[in-house]
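Written below as C-alpha coordinates is the structure these notes are about.
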Amino acid sequence: MSVSMTDSGEIATPVESSKSAMTWGPIFGGAAAAIGVTLILLLLGSGVGLTMVSPWSGQSSSLGTVGVTAAIWLVVVQWLSSGLGGYITGRLRTKWAAVRTDEVFFRDTAHGFISWALATIFVAGFLASSLTSLAGAGAQAVGSAATAAGTAASSTASAADLPTAYFTDALLRPEQARAGATSDDTAATAEVSRILLNGAAAGQIPDDDKAYLATIVSARTGLSEADARTRVDTVLKRIDDAKVAAQKAADEARKAASTTALLGALSLLIGAFIAAAAAAFGGSQRDEEEDLLVTPRI
(Lines give C-alpha, C1' and ligand atoms only; values in the text may rest on other atoms or scores of the structure.)
Protein backbone atom coordinates (compact mmCIF):
# COMPACT_ATOMS: atom_id res chain seq x y z
CA MET A 1 0.00 0.00 0.00
CA SER A 2 1.45 3.36 -1.05
CA VAL A 3 0.83 6.40 1.16
CA SER A 4 1.09 9.97 -0.21
CA MET A 5 0.89 13.42 1.37
CA THR A 6 -1.17 16.31 0.08
CA ASP A 7 0.01 19.91 -0.26
CA SER A 8 -1.74 20.80 2.99
CA GLY A 9 0.22 18.19 4.90
CA GLU A 10 -2.59 15.66 5.13
CA ILE A 11 -1.87 11.95 4.62
CA ALA A 12 -3.76 10.35 1.72
CA THR A 13 -4.28 6.60 1.90
CA PRO A 14 -5.71 4.73 -1.15
CA VAL A 15 -9.02 3.02 -0.61
CA GLU A 16 -8.91 -0.72 -1.15
CA SER A 17 -12.04 -2.74 -1.76
CA SER A 18 -12.86 -5.46 0.72
CA LYS A 19 -14.56 -7.48 -2.01
CA SER A 20 -12.80 -9.74 -4.50
CA ALA A 21 -12.77 -8.73 -8.14
CA MET A 22 -13.75 -12.31 -8.99
CA THR A 23 -17.45 -13.16 -8.85
CA TRP A 24 -17.88 -16.91 -9.21
CA GLY A 25 -21.66 -16.98 -9.28
CA PRO A 26 -22.03 -15.36 -12.72
CA ILE A 27 -19.08 -17.38 -14.00
CA PHE A 28 -20.66 -20.70 -13.05
CA GLY A 29 -24.04 -19.49 -14.32
CA GLY A 30 -22.63 -18.53 -17.72
CA ALA A 31 -20.65 -21.77 -17.95
CA ALA A 32 -23.76 -23.82 -17.12
CA ALA A 33 -25.76 -21.97 -19.77
CA ALA A 34 -23.02 -22.54 -22.36
CA ILE A 35 -22.83 -26.26 -21.51
CA GLY A 36 -26.60 -26.69 -21.74
CA VAL A 37 -26.81 -24.91 -25.10
CA THR A 38 -23.86 -26.93 -26.39
CA LEU A 39 -25.47 -30.26 -25.50
CA ILE A 40 -28.80 -29.23 -27.01
CA LEU A 41 -27.20 -28.08 -30.26
CA LEU A 42 -25.00 -31.19 -30.43
CA LEU A 43 -28.05 -33.43 -30.13
CA LEU A 44 -29.84 -31.35 -32.73
CA GLY A 45 -26.87 -31.60 -35.06
CA SER A 46 -26.66 -35.35 -34.50
CA GLY A 47 -30.32 -35.74 -35.39
CA VAL A 48 -29.93 -33.69 -38.56
CA GLY A 49 -26.72 -35.51 -39.43
CA LEU A 50 -28.37 -38.92 -39.16
CA THR A 51 -30.86 -37.85 -41.82
CA MET A 52 -27.92 -37.42 -44.21
CA VAL A 53 -26.83 -41.05 -43.78
CA SER A 54 -28.76 -44.01 -45.10
CA PRO A 55 -27.92 -47.73 -45.38
CA TRP A 56 -29.51 -47.78 -48.83
CA SER A 57 -27.18 -47.29 -51.75
CA GLY A 58 -27.32 -43.89 -53.44
CA GLN A 59 -29.46 -42.28 -50.73
CA SER A 60 -26.69 -40.98 -48.46
CA SER A 61 -24.59 -37.86 -48.73
CA SER A 62 -20.93 -38.33 -49.48
CA LEU A 63 -18.48 -38.85 -46.63
CA GLY A 64 -16.77 -35.56 -47.41
CA THR A 65 -20.05 -33.65 -47.31
CA VAL A 66 -21.00 -35.19 -43.97
CA GLY A 67 -17.56 -34.42 -42.52
CA VAL A 68 -17.53 -30.79 -43.68
CA THR A 69 -21.09 -30.25 -42.44
CA ALA A 70 -20.24 -31.73 -39.04
CA ALA A 71 -17.13 -29.54 -38.73
CA ILE A 72 -19.08 -26.38 -39.61
CA TRP A 73 -21.83 -27.28 -37.16
CA LEU A 74 -19.33 -27.86 -34.34
CA VAL A 75 -17.80 -24.43 -34.99
CA VAL A 76 -21.25 -22.80 -34.99
CA VAL A 77 -22.18 -24.60 -31.75
CA GLN A 78 -18.98 -23.48 -30.07
CA TRP A 79 -19.43 -19.85 -31.09
CA LEU A 80 -23.14 -19.65 -30.15
CA SER A 81 -22.65 -21.28 -26.76
CA SER A 82 -19.62 -19.09 -26.04
CA GLY A 83 -21.52 -15.93 -26.90
CA LEU A 84 -24.55 -16.85 -24.79
CA GLY A 85 -22.45 -17.97 -21.82
CA GLY A 86 -20.34 -14.82 -21.90
CA TYR A 87 -23.36 -12.55 -22.19
CA ILE A 88 -25.10 -14.20 -19.23
CA THR A 89 -21.91 -13.92 -17.20
CA GLY A 90 -21.72 -10.19 -17.88
CA ARG A 91 -25.37 -9.51 -17.13
CA LEU A 92 -25.50 -11.49 -13.89
CA ARG A 93 -22.52 -9.91 -12.18
CA THR A 94 -22.91 -7.35 -9.44
CA LYS A 95 -22.20 -3.77 -10.39
CA TRP A 96 -18.76 -2.63 -9.28
CA ALA A 97 -19.15 0.82 -7.75
CA ALA A 98 -16.29 3.32 -7.65
CA VAL A 99 -14.27 1.33 -10.23
CA ARG A 100 -12.69 2.84 -13.31
CA THR A 101 -14.30 2.13 -16.65
CA ASP A 102 -11.26 0.38 -18.09
CA GLU A 103 -11.01 -1.83 -15.01
CA VAL A 104 -14.67 -2.77 -15.33
CA PHE A 105 -14.11 -3.69 -18.97
CA PHE A 106 -11.14 -5.88 -18.05
CA ARG A 107 -13.05 -7.65 -15.29
CA ASP A 108 -15.99 -8.32 -17.58
CA THR A 109 -13.79 -9.80 -20.29
CA ALA A 110 -11.90 -11.88 -17.72
CA HIS A 111 -15.15 -13.24 -16.29
CA GLY A 112 -16.37 -14.14 -19.78
CA PHE A 113 -13.09 -15.88 -20.60
CA ILE A 114 -13.11 -17.92 -17.39
CA SER A 115 -16.74 -18.90 -17.97
CA TRP A 116 -15.83 -20.05 -21.49
CA ALA A 117 -12.85 -22.02 -20.16
CA LEU A 118 -14.98 -23.90 -17.62
CA ALA A 119 -17.60 -24.78 -20.21
CA THR A 120 -14.93 -25.87 -22.71
CA ILE A 121 -13.22 -28.12 -20.16
CA PHE A 122 -16.52 -29.80 -19.27
CA VAL A 123 -17.56 -30.35 -22.88
CA ALA A 124 -14.08 -31.60 -23.81
CA GLY A 125 -14.21 -34.07 -20.93
CA PHE A 126 -17.67 -35.23 -22.00
CA LEU A 127 -16.56 -35.74 -25.60
CA ALA A 128 -13.34 -37.43 -24.49
CA SER A 129 -15.29 -39.95 -22.38
CA SER A 130 -17.59 -40.66 -25.31
CA LEU A 131 -14.66 -41.13 -27.68
CA THR A 132 -12.94 -43.35 -25.11
CA SER A 133 -15.99 -45.59 -24.97
CA LEU A 134 -16.07 -45.81 -28.77
CA ALA A 135 -12.34 -46.48 -28.88
CA GLY A 136 -12.75 -49.24 -26.28
CA ALA A 137 -15.43 -50.90 -28.37
CA GLY A 138 -13.26 -50.57 -31.47
CA ALA A 139 -10.25 -51.99 -29.66
CA GLN A 140 -12.31 -54.96 -28.51
CA ALA A 141 -13.43 -55.60 -32.08
CA VAL A 142 -9.86 -55.30 -33.35
CA GLY A 143 -8.71 -57.69 -30.64
CA SER A 144 -11.31 -60.24 -31.65
CA ALA A 145 -10.28 -59.90 -35.28
CA ALA A 146 -6.62 -60.25 -34.36
CA THR A 147 -7.37 -63.39 -32.35
CA ALA A 148 -9.24 -64.90 -35.27
CA ALA A 149 -6.46 -63.95 -37.66
CA GLY A 150 -3.87 -65.44 -35.33
CA THR A 151 -5.80 -68.70 -35.15
CA ALA A 152 -6.05 -68.88 -38.92
CA ALA A 153 -2.40 -68.01 -39.42
CA SER A 154 -1.18 -70.61 -36.93
CA SER A 155 -2.00 -73.35 -39.44
CA THR A 156 0.70 -72.10 -41.83
CA ALA A 157 3.42 -70.14 -40.04
CA SER A 158 3.68 -67.49 -37.37
CA ALA A 159 4.87 -63.97 -38.17
CA ALA A 160 8.13 -64.54 -36.32
CA ASP A 161 8.87 -67.72 -38.29
CA LEU A 162 7.98 -66.24 -41.69
CA PRO A 163 11.50 -65.13 -42.77
CA THR A 164 12.96 -68.52 -41.78
CA ALA A 165 10.18 -70.38 -43.57
CA TYR A 166 10.68 -68.30 -46.69
CA PHE A 167 14.41 -68.95 -46.89
CA THR A 168 13.84 -72.62 -46.11
CA ASP A 169 11.47 -72.80 -49.05
CA ALA A 170 14.09 -71.12 -51.24
CA LEU A 171 16.71 -73.71 -50.26
CA LEU A 172 14.42 -76.70 -50.81
CA ARG A 173 12.74 -75.63 -54.04
CA PRO A 174 12.68 -78.64 -56.36
CA GLU A 175 14.20 -78.41 -59.78
CA GLN A 176 10.93 -79.58 -61.24
CA ALA A 177 8.52 -77.28 -59.41
CA ARG A 178 5.64 -78.15 -61.73
CA ALA A 179 5.33 -81.70 -60.43
CA GLY A 180 5.43 -80.61 -56.77
CA ALA A 181 2.83 -77.89 -57.26
CA THR A 182 0.51 -80.30 -59.03
CA SER A 183 0.83 -83.07 -56.44
CA ASP A 184 0.47 -80.97 -53.24
CA ASP A 185 -1.92 -78.02 -53.57
CA THR A 186 -1.83 -77.09 -49.88
CA ALA A 187 1.96 -76.87 -49.74
CA ALA A 188 2.08 -74.86 -52.98
CA THR A 189 -0.53 -72.40 -51.72
CA ALA A 190 1.31 -71.93 -48.42
CA GLU A 191 4.62 -71.38 -50.20
CA VAL A 192 3.11 -68.80 -52.54
CA SER A 193 1.64 -66.99 -49.54
CA ARG A 194 5.03 -66.89 -47.85
CA ILE A 195 6.66 -65.51 -51.01
CA LEU A 196 4.05 -62.76 -51.26
CA LEU A 197 4.35 -61.88 -47.57
CA ASN A 198 8.13 -61.71 -47.77
CA GLY A 199 7.87 -59.51 -50.86
CA ALA A 200 5.47 -57.20 -49.05
CA ALA A 201 7.87 -56.93 -46.10
CA ALA A 202 10.93 -56.39 -48.33
CA GLY A 203 9.16 -53.95 -50.67
CA GLN A 204 9.71 -56.03 -53.81
CA ILE A 205 9.75 -59.62 -55.07
CA PRO A 206 13.00 -60.87 -56.64
CA ASP A 207 13.00 -62.06 -60.25
CA ASP A 208 13.74 -65.66 -59.29
CA ASP A 209 10.70 -65.68 -57.01
CA LYS A 210 8.58 -64.27 -59.85
CA ALA A 211 9.81 -67.03 -62.15
CA TYR A 212 9.05 -69.63 -59.48
CA LEU A 213 5.56 -68.20 -58.96
CA ALA A 214 4.97 -68.33 -62.72
CA THR A 215 5.99 -72.00 -62.73
CA ILE A 216 3.58 -72.85 -59.93
CA VAL A 217 0.75 -70.87 -61.56
CA SER A 218 1.38 -72.62 -64.86
CA ALA A 219 1.28 -76.03 -63.15
CA ARG A 220 -1.91 -75.22 -61.24
CA THR A 221 -3.85 -73.51 -64.04
CA GLY A 222 -2.56 -75.15 -67.20
CA LEU A 223 -1.41 -71.82 -68.66
CA SER A 224 1.75 -71.49 -70.66
CA GLU A 225 4.86 -70.11 -68.96
CA ALA A 226 4.43 -66.74 -70.72
CA ASP A 227 0.76 -66.42 -69.78
CA ALA A 228 1.50 -67.49 -66.22
CA ARG A 229 4.24 -64.87 -65.96
CA THR A 230 1.81 -62.25 -67.27
CA ARG A 231 -0.74 -63.24 -64.64
CA VAL A 232 1.91 -63.05 -61.90
CA ASP A 233 2.95 -59.58 -63.05
CA THR A 234 -0.69 -58.46 -63.15
CA VAL A 235 -1.38 -59.68 -59.62
CA LEU A 236 1.82 -58.15 -58.28
CA LYS A 237 0.90 -54.85 -59.89
CA ARG A 238 -2.50 -54.99 -58.20
CA ILE A 239 -0.74 -55.60 -54.88
CA ASP A 240 1.51 -52.57 -55.48
CA ASP A 241 -1.51 -50.45 -56.43
CA ALA A 242 -3.30 -51.50 -53.23
CA LYS A 243 -0.19 -50.57 -51.22
CA VAL A 244 0.00 -47.15 -52.88
CA ALA A 245 -3.72 -46.60 -52.31
CA ALA A 246 -3.34 -47.48 -48.62
CA GLN A 247 -0.40 -45.08 -48.27
CA LYS A 248 -2.37 -42.36 -50.04
CA ALA A 249 -5.34 -42.89 -47.75
CA ALA A 250 -3.07 -42.72 -44.69
CA ASP A 251 -1.50 -39.49 -45.96
CA GLU A 252 -4.90 -37.94 -46.62
CA ALA A 253 -6.04 -38.96 -43.14
CA ARG A 254 -2.91 -37.33 -41.69
CA LYS A 255 -3.58 -34.10 -43.57
CA ALA A 256 -7.23 -34.13 -42.55
CA ALA A 257 -6.29 -34.63 -38.89
CA SER A 258 -3.77 -31.79 -39.07
CA THR A 259 -6.29 -29.46 -40.68
CA THR A 260 -8.94 -30.41 -38.14
CA ALA A 261 -6.58 -29.70 -35.24
CA LEU A 262 -5.57 -26.29 -36.63
CA LEU A 263 -9.14 -25.27 -37.38
CA GLY A 264 -10.25 -26.53 -33.98
CA ALA A 265 -7.62 -24.42 -32.23
CA LEU A 266 -8.61 -21.37 -34.28
CA SER A 267 -12.28 -21.97 -33.51
CA LEU A 268 -11.56 -22.18 -29.79
CA LEU A 269 -9.60 -18.93 -29.88
CA ILE A 270 -12.46 -17.20 -31.66
CA GLY A 271 -14.91 -18.71 -29.18
CA ALA A 272 -12.88 -17.33 -26.26
CA PHE A 273 -12.89 -13.89 -27.88
CA ILE A 274 -16.66 -14.07 -28.46
CA ALA A 275 -17.25 -15.06 -24.83
CA ALA A 276 -15.10 -12.20 -23.52
CA ALA A 277 -16.69 -9.65 -25.87
CA ALA A 278 -20.20 -10.86 -25.02
CA ALA A 279 -19.44 -10.58 -21.29
CA ALA A 280 -18.21 -7.01 -21.76
CA PHE A 281 -21.33 -6.18 -23.77
CA GLY A 282 -23.60 -7.73 -21.14
CA GLY A 283 -21.78 -5.88 -18.40
CA SER A 284 -22.13 -2.57 -20.20
CA GLN A 285 -25.87 -3.15 -20.52
CA ARG A 286 -25.99 -4.02 -16.83
CA ASP A 287 -24.34 -0.69 -15.96
CA GLU A 288 -26.37 1.49 -18.32
CA GLU A 289 -28.80 2.45 -15.58
CA GLU A 290 -27.09 3.91 -12.55
CA ASP A 291 -28.59 2.98 -9.19
CA LEU A 292 -28.89 6.02 -6.90
CA LEU A 293 -29.52 5.94 -3.19
CA VAL A 294 -31.64 8.89 -2.08
CA THR A 295 -31.37 9.91 1.56
CA PRO A 296 -33.69 12.47 3.13
CA ARG A 297 -32.19 15.84 4.06
CA ILE A 298 -31.82 16.32 7.80
Side-chain angles (χ1 to χ4, degrees), residues 22 24 26-54 60-91 105-142 245-283:
M22 182 75 67
W24 284 105
I27 291 176
F28 285 123
I35 292 170
V37 172
T38 298
L39 296 180
I40 292 174
L41 293 179
L42 285 178
L43 290 176
L44 177 62
S46 300
V48 175
L50 290 175
T51 61
M52 302 174 62
V53 181
S54 174
S60 297
S61 300
S62 64
L63 183 61
T65 302
V66 174
V68 171
T69 304
I72 294 175
W73 181 248
L74 289 177
V75 171
V76 171
V77 168
Q78 208 272 137
W79 290 357
L80 289 177
S81 61
S82 298
L84 179 62
Y87 180 78
I88 291 178
T89 300
R91 287 301 299 266
F105 177 80
F106 171 77
R107 292 184 184 183
D108 282 333
T109 55
H111 279 62
F113 176 79
I114 296 173
S115 175
W116 166 86
L118 288 177
T120 301
I121 292 173
F122 179 86
V123 174
F126 173 77
L127 294 178
S129 63
S130 300
L131 293 177
T132 301
S133 300
L134 292 176
Q140 184 177 3
V142 172
Q247 293 174 345
K248 183 179 179 181
D251 186 62
E252 291 178 353
R254 176 189 62 82
K255 293 179 179 179
S258 176
T259 303
T260 301
L262 293 176
L263 291 179
L266 180 61
S267 176
L268 289 176
L269 289 175
I270 296 176
F273 174 79
I274 292 175
F281 178 70

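Numbers here are sequence positions counted from 1.
- Contacts of Phe273 classified as ring pair (Phe, Tyr, Trp, His ring centres under 6.0 Å), with partners at least two apart in sequence or in another chain: none.
- Within the model, atoms CD1 of Ile88 and CD1 of Ile27 stand 14.0 Å from one another, a figure rounded to the nearest 0.5 Å.
- The CG atom of Leu41 sits 14.5 Å away from the CH2 atom of Trp79 when rounded to the nearest 0.5 Å.
- Between Leu118 atom CG and Ile35 atom CD1 the span is 7.5 Å, to the nearest 0.5 Å.
- Here the shortest heavy-atom pairing between Gly83 and Ala278 reads O-CB, 3.3 Å.
- Distance check, rounded to the nearest 0.5 Å: CG of Leu43 to OG1 of Thr38 gives 11.0 Å.
- Considering only heavy atoms from C-beta on, Val123 stays 4.5 Å or farther from Leu39 through its side chain.
- Considering only residues two or more places apart in sequence or on other chains, Thr120 meets the side chain to side chain donor-acceptor pair (under 3.5 Å) condition with Trp116.
- Nearest heavy-atom pair, Phe105 versus Ala280, reported as atom, atom and distance to 0.1 Å: CE1-CB, 3.6 Å.
- Remark: Lys255 pairs with Asp251 by the salt bridge (Lys or Arg N to Asp or Glu O under 4.0 Å) rule, at least two apart or across chains.
- Counting only residues at least two apart or on different chains, no salt bridge (charged side-chain N to carboxylate O under 4.0 Å, His left out) pair has a member in residues 33-43.
- For Gly271 against Ser82, the heavy-atom pair with the smallest separation is O-CB, 3.3 Å.
- Looking at residues two or more places apart in sequence or on another chain, you find a side chain to side chain contact (heavy atoms under 4.5 Å, CB included) between Ile72 and Val68, Val76.
- Sequence neighbours left out, the pairs with a member in residues 108-119 that pass salt bridge (charged side-chain N to carboxylate O under 4.0 Å, His left out) are Arg93-Asp108.
- Considering all non-hydrogen atoms of both residues, Ala275 and Gly112 come closest at CB-O, 3.7 Å.
- Contacts classified as side-chain hydrogen bond (donor to acceptor under 3.5 Å, both in side chains) and involving residues 270-282 (residues at least two apart or in different chains) are not found.
- Separation of atoms CD1 (Ile274) and CD (Gln78) is listed at 7.5 Å; rounding is to 0.5 Å.
- The backbone N or O of Ala31 lies less than 3.5 Å from a partner atom in the side chain of Ser115, making a donor-acceptor pair.
- The side chain to side chain contact (heavy atoms under 4.5 Å, CB included) test applied to Ile40 returns no partner, not counting sequence neighbours.
- Sorted by first and then second residue, the side-chain hydrogen bond (donor to acceptor under 3.5 Å, both in side chains) pairs involving residues 271-280 (not counting sequence neighbours) form an empty list.
- Judged as a ring pair (Phe, Tyr, Trp, His ring centres under 6.0 Å), and not counting sequence neighbours, the contacts of Trp24 are Phe28.
- Of the possible polar contacts, none joining the Ser267 side chain to the Leu263 backbone as a donor-acceptor pair under 3.5 Å is found.
- The side-chain hydrogen bond (donor to acceptor under 3.5 Å, both in side chains) contacts involving residues 272-282 comprise nothing, where partners must be two or more places apart or lie in separate chains.
- Listed by first and then second residue, the salt bridge (charged side-chain N to carboxylate O under 4.0 Å, His left out) pairs involving residues 30-39 amount to none (not counting sequence neighbours).
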